[in-house]
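For reference, the structure discussed in these notes is given below.
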Amino acid sequence: MSEKLKVGILGGTGMVGQRFIALLENHPWFEVTTIAASPRSAGKTYAEAAGSRWKMTTPMPEAVKNIVVMNVNEVEKVAAEVDFVFSAVDMTKEEIKKIEEAYAKTETPVVSNNSAHRWTEDVPMVVPEINPEHMKVIEFQKKRLGTQRGFVAVKPNCSIQSYAPVLTAWKEYEPYEVVATTYQAISGAGKTFQDWPEMEGNIIPYIGGEEEKSEKEPLRIWGEIKDGVIVPAVSPVITCQCIRVPVLNGHTAAVFVKFKKKATKEQLIEKLIQFKGVPQELDLPSAPKQFIQYLEEDNRPQVSLDVDYEKGMGVSVGRLREDTVYDWKFVGLSHNTVRGAAGGAVLCAELLKAQGYITKK
């Protein structure tokens with residue numbers, strides 16, 4: 001009998017579900033034993049259900065091919081098989097909220113990639129290097145849900161990963177006004193170029209709901225727990241434009257920042273390179289050794305060269321220079337389906353295990 005925690009993937013046939021399965025192959029702590037999806041996939045083996053739609057560049061892991069997919073709506077049945085679940089279901093926000101809480105109420109922790117619970121006041125939304133202390137709000141959530149070990153935790157939007165860690169590293173210089181434009185890969189919409197040929201050679205200057213998330217979610221991450229809920233920070237003010245570009249993986253951000261306290265370029269770069277958090281201190285399995293790298297070349301970071309930095313779990317920064325209107329400007333890059341989605345959620349689960357919130361049932 002494996003000592004590893006038994007993991008279920010809710011929404012396991014979609015692109016983020018597939019990324020979870022690829023990332024968890026040979027994971028030292030977690031083993032995918034259960035996959036749940038829509039009723040149309042239920043009853044098929046995973047290879048039958050997802051085979052023709054497998055979108056990862058690596059082959060489907062042998063260990064999951066013969067797992068019989070369960071119906072994600074049969075909550076008690078799925079929950080009975082696992083110690084905790086990752087959620088990547090494709091439903092309406094209200095349906096996602098309902099089903100994730102239903103799993104939590106079976107005493108099954110839910111680590112979600114979805115946005116539905118990101119503004120539920122007692123649900124932690126965590127980038128483990130930035131706000132690991134927010135997991136403490138789980139105790140208040142469990143009281144509300146009436147659970148002993150069941151809860152929901154979420155990771156934030158993929159687009160903020162390329163600049164929120166950078167601004168966190170510069171916190172002592174008090175950034176107070178930020179303009180960010182993100183250039184977002186098509187895999188963020190769950191697509192490849194085969195699915196979305198009209199994106200080739202094209203740019204779409206709109207991604208539904210993305211700008212509001214990009215402006216508001218960093219403030220929740222920088223907030224604090226008061227009276228059992230997370231109260232967002234009020235500064236810095238962020239304004240954002242989000243643009244879909246013809247790139248498969250990798251969200252790039254062009255960012256302008258005003259600071260209350262003066263800093264030199266050398267000081268800002270040093271803060272980036274030195275920035276680390278609890279995942280690095282605990283040496284969690286998915287944690288990048290170096291969270292943020294700074295690239296000196298004028299033409300970096302580039303998606304084709306840098307998106308897989310630290311196996312897609314790191315952030316690449318370049319072109320830091322003084323600005324004529326703002327104080328400083330830079331370009332950031334992160335992998336949207338690894339750090340920005342499934343990988344970020346796996347790191348959250350590793351943190352939750354290390355903190356004692358996820359255990360064997």
Side-chain angles (χ1 to χ4, degrees), residues 1-92 95-96 98-100 102-104 106-114 186-196 248-249 285-286 311-312 337-338 341-346 349-350 353 358 360-361:
M1 179 66 188
S2 170
E3 283 305 300
K4 292 183 184 182
L5 292 168
K6 292 190 290 185
V7 178
I9 312 289
L10 311 181
T13 56
M15 185 181 260
V16 175
Q18 291 176 23
R19 179 67 76 184
F20 273 120
I21 283 163
L23 288 175
L24 291 166
E25 186 179 17
N26 303 318
H27 192 282
W29 296 357
F30 307 144
E31 183 179 358
V32 177
T33 59
T34 303
I35 300 169
S38 65
R40 69 176 178 275
S41 295
K44 299 174 183 173
T45 66
Y46 188 67
E48 290 167 342
S52 62
R53 294 182 290 137
W54 183 255
K55 294 176 180 179
M56 301 295 105
T57 53
T58 51
M60 183 184 288
E62 289 296 324
V64 300
K65 284 184 176 176
N66 293 320
I67 291 176
V68 176
V69 178
M70 298 178 76
N71 181 347
V72 73
N73 300 314
E74 294 180 346
V75 176
E76 297 277 352
K77 203 170 164 185
V78 175
E81 301 291 318
V82 296
D83 295 312
F84 77 102
V85 295
F86 288 112
S87 175
V89 289
D90 183 14
M91 299 174 174
T92 67
E95 288 170 334
I96 292 169
K98 198 171 163 188
I99 201 164
E100 288 182 349
Y103 273 93
T106 67
E107 302 294 359
T108 306
V110 178
V111 183
S112 180
N113 183 67
N114 296 306
I186 64 171
S187 57
K191 307 277 195 201
T192 64
F193 285 108
Q194 285 76 25
D195 309 324
W196 204 1
L248 179 60
N249 292 311
S286 300
K311 299 181 181 169
T337 68
V338 183
V346 170
E350 291 168 0
K353 178 186 182 294
I358 292 179
K360 271 201 173 297
K361 271 187 180 171

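Below, each value reflects all heavy atoms present in this structure, side chains not excepted, and no hydrogens, waters or symmetry copies. On a predicted model such as this, the values are computed, not experimentally measured, just so you know.
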From CA spacing to verdict: side chain to side chain contact (heavy atoms under 4.5 Å, CB included), Val78, Leu10: CA-CA 9 Å; Val78 175; Leu10 311 181; 4.2 Å; yes
Stepwise side chain to side chain contact (heavy atoms under 4.5 Å, CB included) test for Val72 and Tyr103: CA-CA 10 Å; Val72 73; Tyr103 273 93; 4.0 Å; yes
Passes side chain to side chain contact (heavy atoms under 4.5 Å, CB included), Asp195 versus Lys55? Steps please. CA-CA 10 Å; Asp195 309 324; Lys55 294 176 180 179; 3.2 Å; yes
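Of the N and O atoms on the side chains of Thr192 and Gln194, at least one donor lies less than 3.5 Å from an acceptor on the other residue. A side-chain donor-acceptor contact under 3.5 Å links Thr108 and Lys361.
Across Met91 and Asn73, no two heavy atoms sit closer than the pair CE-OD1, 3.9 Å. Residues Thr33 and Glu81 share a closest heavy-atom pair of OG1-O, 4.0 Å. Across all non-hydrogen atoms, the minimal contact from Val110 to Ala104 is CG2-N, 4.0 Å. Taking all atoms of both residues into account, the shortest heavy-atom contact from Ala88 to Val16 is CB-CG1, 3.9 Å. Closest of all the heavy-atom pairs between Ala342 and Phe20 is O-CE2, 3.4 Å. Of all the heavy atoms in Pro109 and Asp83, the pair that sits closest is CD-O, 3.4 Å.
Only one option out of Val32, Ile21, Asn66 pairs with Tyr46 in a side-chain contact (heavy atoms from CB on, under 4.5 Å); it is Ile21.
Ile186 contributes atom CD1, which lies 7.5 Å from atom CE of Met15 (distance to the nearest 0.5 angstrom). Summarising the geometry, atom CD belonging to Glu3 is positioned 9.5 Å from atom CG belonging to Leu5; distances are rounded to the nearest 0.5 Å. Going from atom OG of Ser286 over to atom NE2 of His27 covers 4.0 Å, rounded to the nearest 0.5 Å. For the atom pair CE (Met60) and CD (Gln18), the distance works out to 6.5 Å, reported to the nearest 0.5 Å. Going from atom CG of Asn113 over to atom CZ of Arg19 covers 11.5 Å, rounded to the nearest 0.5 Å. Between the OG atom in Ser38 and the CG atom in Asp90 there is a gap of 9.0 Å [rounded to 0.5 Å].
A 6.0 Å sphere centred on CZ of Arg40 holds no more than 12 heavy atoms belonging to other residues, nucleotides or ligands. Crowding of Lys77 atom NZ: a count of heavy atoms from other residues, nucleotides or ligands under 6.0 Å not exceeding 12.
For Glu350 and Lys353, the salt-bridge test fails: no basic side-chain N is under 4.0 Å from an acidic carboxylate O.
Applying the ring pair (Phe, Tyr, Trp, His ring centres under 6.0 Å) test to residues at least two apart or on different chains, the pairs with a partner in residues 48-84 are Phe30-Phe84, Phe84-Phe86.
Distance alone, capped at 3.5 Å, places no donor-acceptor pair between the Lys65 side chain and the Glu48 backbone. Looking at Lys311, its side chain never comes within 3.5 Å of a backbone N or O of Val338 through a donor-acceptor pair.
A heavy-atom distance below 4.5 Å is not found between the side chains of Val64 and Ile9. When side chains are defined from C-beta on, Arg53 counts as touching Thr13, because their heavy atoms get closer than 4.5 Å.
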